[in-house]
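Order of listing sets the numbers, starting from 1, for every ligand and every atom in it. Computed from a predicted model, the values in this text were never measured in an experiment.
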Amino acid sequence: MKTVLIIGGSHGISKCLADRLQSSGIQTLTASRTASSHCNGAQHQIFDAANPTALNLPDQLDGIVYAPGSITLKPFHRLSEEDMLTEFKLNALGAAQVIQQCLPALKKSPAASVVLFSTVAVQTGLPFHASIAMAKGAIEGLTRSLAAELSPSIRVNAIAPSLTDTPLAENLINSDAKRQASADRHPLKTIGEADDIAALAQFLVSDESKFITGQIIHADGGMGDVRTF
Ligand SMILES: NC(=O)c1ccc[n+]([C@@H]2O[C@H](COP(=O)([O-])OP(=O)(O)OC[C@H]3O[C@@H](n4cnc5c(N)ncnc54)[C@H](OP(=O)(O)O)[C@@H]3O)[C@@H](O)[C@H]2O)c1
């Protein structure tokens, strides 16, 4: 049986993913800041990726998914050093440190997969996104570097979602007007659902994607590449 560790799993995209993996018979370990009864049978441990401590890891891991993220939207002139470092630490450095911790266990798997999260705001310039675009840009660099360094036994890919209906995005979609305006900005005229993104993460963690590594996969309703005029 495969074993996959999700950093997250208590809500949002990573909870949908934990549910999907559990249902498909994968041993699912989750780790996040809150004690979780939400994770549908997954083994959960308390872990803060912004101040990482030693994870309780099995001997062999076949996949890890790093889901913590933030959205600090501010005009560039108002971004403090602390804003930028905090966002970098959680989104990028935390991912690198978790992968370092998990490397010995990943190396024991015949075919391991690492899944990271970027954002549409790296490929597409969006106002007020400088801090998160810098942090997630680092994730895209990490994805390609590690895909090269850890091949052929460990694949590394990232998902770059656009706005998705999760607790993280709540402030951006907390009224019908905001939700509609956000949907209208996407060629597919909708924002993402957490399970849309979880389905892609499940594919990337599985052997179904065994010929894919070093990719940033855009799940963004067409926002990054498509113009409808
Ligand atoms: N939702 C969007 O619109 C959107 C758009 C672009 C990119 N993304 C990216 O997609 C990924 C998943 O987003 P989401 O919307 O599902 O986020 P979310 O609803 O905030 O869920 C994040 C998960 O990570 C855990 N987490 C957060 N901070 C953590 C920390 N310091 N240490 C350990 N665990 C932590 C949370 O659990 P606890 O609260 O229990 O710690 C939760 O289970 C993120 O990397 C995000 O940047 C999301």
Side-chain angles (χ1 to χ4, degrees), residues 5-21 28-40 42 44-56 64-73 86-98 101 114-124 126 128-129 131-140 142-143 157-174 178-179 182-183 185-186 190-202 204 216-221 223-224:
L5 169 68
I6 300 173
I7 306 299
S10 54
H11 52 81
I13 294 163
S14 58
K15 180 188 176 346
C16 291
L17 176 63
D19 290 344
R20 279 176 165 269
L21 296 183
T28 308
L29 315 174
T30 57
S32 78
R33 294 165 302 174
T34 50
S36 177
S37 52
H38 337 276
C39 293
N40 193 23
H44 189 76
Q45 55 188 294
I46 300 295
F47 177 74
D48 182 357
N51 294 292
T53 44
L55 284 156
N56 185 12
I64 56 174
V65 179
Y66 184 89
S70 50
I71 313 181
T72 303
L73 301 187
T86 300
E87 199 140 56
F88 181 79
K89 246 182 130 175
L90 178 67
N91 286 274
L93 190 59
Q97 290 171 318
V98 163
Q101 269 205 59
V114 174
V115 179
L116 304 174
F117 282 93
S118 179
T119 166
V120 67
V122 174
Q123 179 190 350
T124 302
L126 297 172
F128 312 126
H129 282 67
S131 175
I132 189 62
M134 285 194 295
K136 294 296 200 185
I139 279 289
E140 297 199 4
L142 181 69
T143 299
N157 293 289
I159 298 172
S162 184
L163 190 62
T164 301
D165 188 356
T166 70
L168 182 67
E170 198 179 347
N171 284 344
L172 305 176
I173 49 174
N174 57 9
K178 281 188 191 175
R179 188 177 278 267
S182 294
R185 277 194 287 275
H186 293 79
T190 183
I191 62 167
E193 290 174 17
D195 201 50
D196 297 334
I197 314 298
L200 177 54
Q202 182 180 19
L204 288 174
I216 315 300
I217 302 190
H218 299 268
D220 62 6
M223 175 85 123

To the nearest 0.5 Å, what is the distance between [atom1] ([X]) and [atom2] ([Y])?
X	Y	atom1	atom2	result
Thr119	Leu126	OG1	CG	7.5 Å
Ile159	Leu116	CD1	CG	9.5 Å
Thr166	Ile191	OG1	CD1	9.0 Å
Thr86	Leu93	OG1	CG	11.5 Å
Ile197	Thr164	CD1	OG1	4.0 Å

Considering non-hydrogen atoms of the protein only, which is the closest contact for [atom], and what is the distance?
atom	result
atom 3 (O) of ligand 1	Thr164 N, 2.8 Å
atom 44 (C) of ligand 1	Ala67 O, 2.9 Å
atom 6 (C) of ligand 1	Pro161 O, 3.4 Å
atom 35 (C) of ligand 1	Pro68 CG, 3.6 Å
atom 7 (C) of ligand 1	Ser118 O, 3.3 Å
atom 10 (O) of ligand 1	Phe117 CD2, 3.5 Å
atom 48 (C) of ligand 1	Leu168 CD2, 3.9 Å
atom 14 (P) of ligand 1	Thr166 OG1, 3.6 Å

(request) Examine the proximity of ligand 1 to Ala121 and report which part, side chain or backbone, both or neither, has a heavy atom under 4.0 Å away. (result)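 Neither part.
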(request) Determine whether the side chain, the backbone, both or neither of Leu90 has a heavy atom under 4.0 Å from any heavy atom of ligand 1. (result)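 Leu90 to ligand 1: side-chain contact only, backbone stays beyond 4.0 Å.
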Can you tell me if [X] uses its side chain to pair, donor with acceptor, with the backbone of [Y] under 3.5 Å?
X	Y	result
Gln101	Thr53	yes
Lys89	Gly94	no
Lys178	Asn171	yes
Asn51	Asp48	no
Glu87	Thr72	yes
His44	Thr34	yes

(message) Nearest non-hydrogen contact with atom 27 (C) of ligand 1 belongs to which option: Arg33, His44, His11?
(response)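 Looking at heavy atoms only, Arg33 sits closest to atom 27 (C) of ligand 1.
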(request) Closest by any non-hydrogen atom to atom 38 (P) of ligand 1: pick that one out of Gly192, Ser10, Ser14. (result)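 Of the listed residues, Ser10 has the closest heavy atom.
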(message) For the 3.5 Å polar cut-off, considering only N or O atoms, please tell me whether Lys136 and ligand 1 meet it.
(response)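 Indeed, backbone or side chain, Lys136 has an N or O that close.
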(message) Would Ala49 count as being in polar contact with ligand 1, using the rule that some N or O on each side must be under 3.5 angstrom apart?
(response)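 Yes; the residue has a nitrogen or oxygen that sits under 3.5 Å from a nitrogen or oxygen of the ligand.
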What atoms of ligand 1 come closer than 4.0 angstrom to any heavy atom of [X]?
X	value
Ala169	3 (O)
Gly12	16 (O), 19 (O)
Ile13	10 (O), 12 (C), 13 (O), 16 (O)
Phe47	32 (N), 33 (C)
Thr34	38 (P), 40 (O)
Gly9	43 (O)
Ser32	33 (C), 34 (N), 37 (O), 38 (P), 40 (O), 41 (O)
Leu163	3 (O)

(request) Decide whether the shortest distance between a heavy atom of Ala160 and an atom of ligand 1 is less than 4.0 Å. (result)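 Not so, Ala160 does not reach ligand 1.
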(message) Could you check whether any heavy atom of Lys15 sits closer than 4.0 Å to an atom of ligand 1, since that is the contact criterion I want to use?
(response)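 The answer is no: ligand 1 sits nowhere under 4.0 Å from a heavy atom of Lys15.
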(message) Give me the atom names and distance for the closest heavy-atom approach of Ala160 to Glu140.
(response)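 Closest approach of Ala160 to Glu140, heavy atoms only: CB-OE2, 4.4 Å.
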(request) Mark yes when over 12 heavy atoms from residues, nucleotides or ligands other than Gln97 sit less than 6.0 Å from its CD; otherwise mark no. (result)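 Enclosed.
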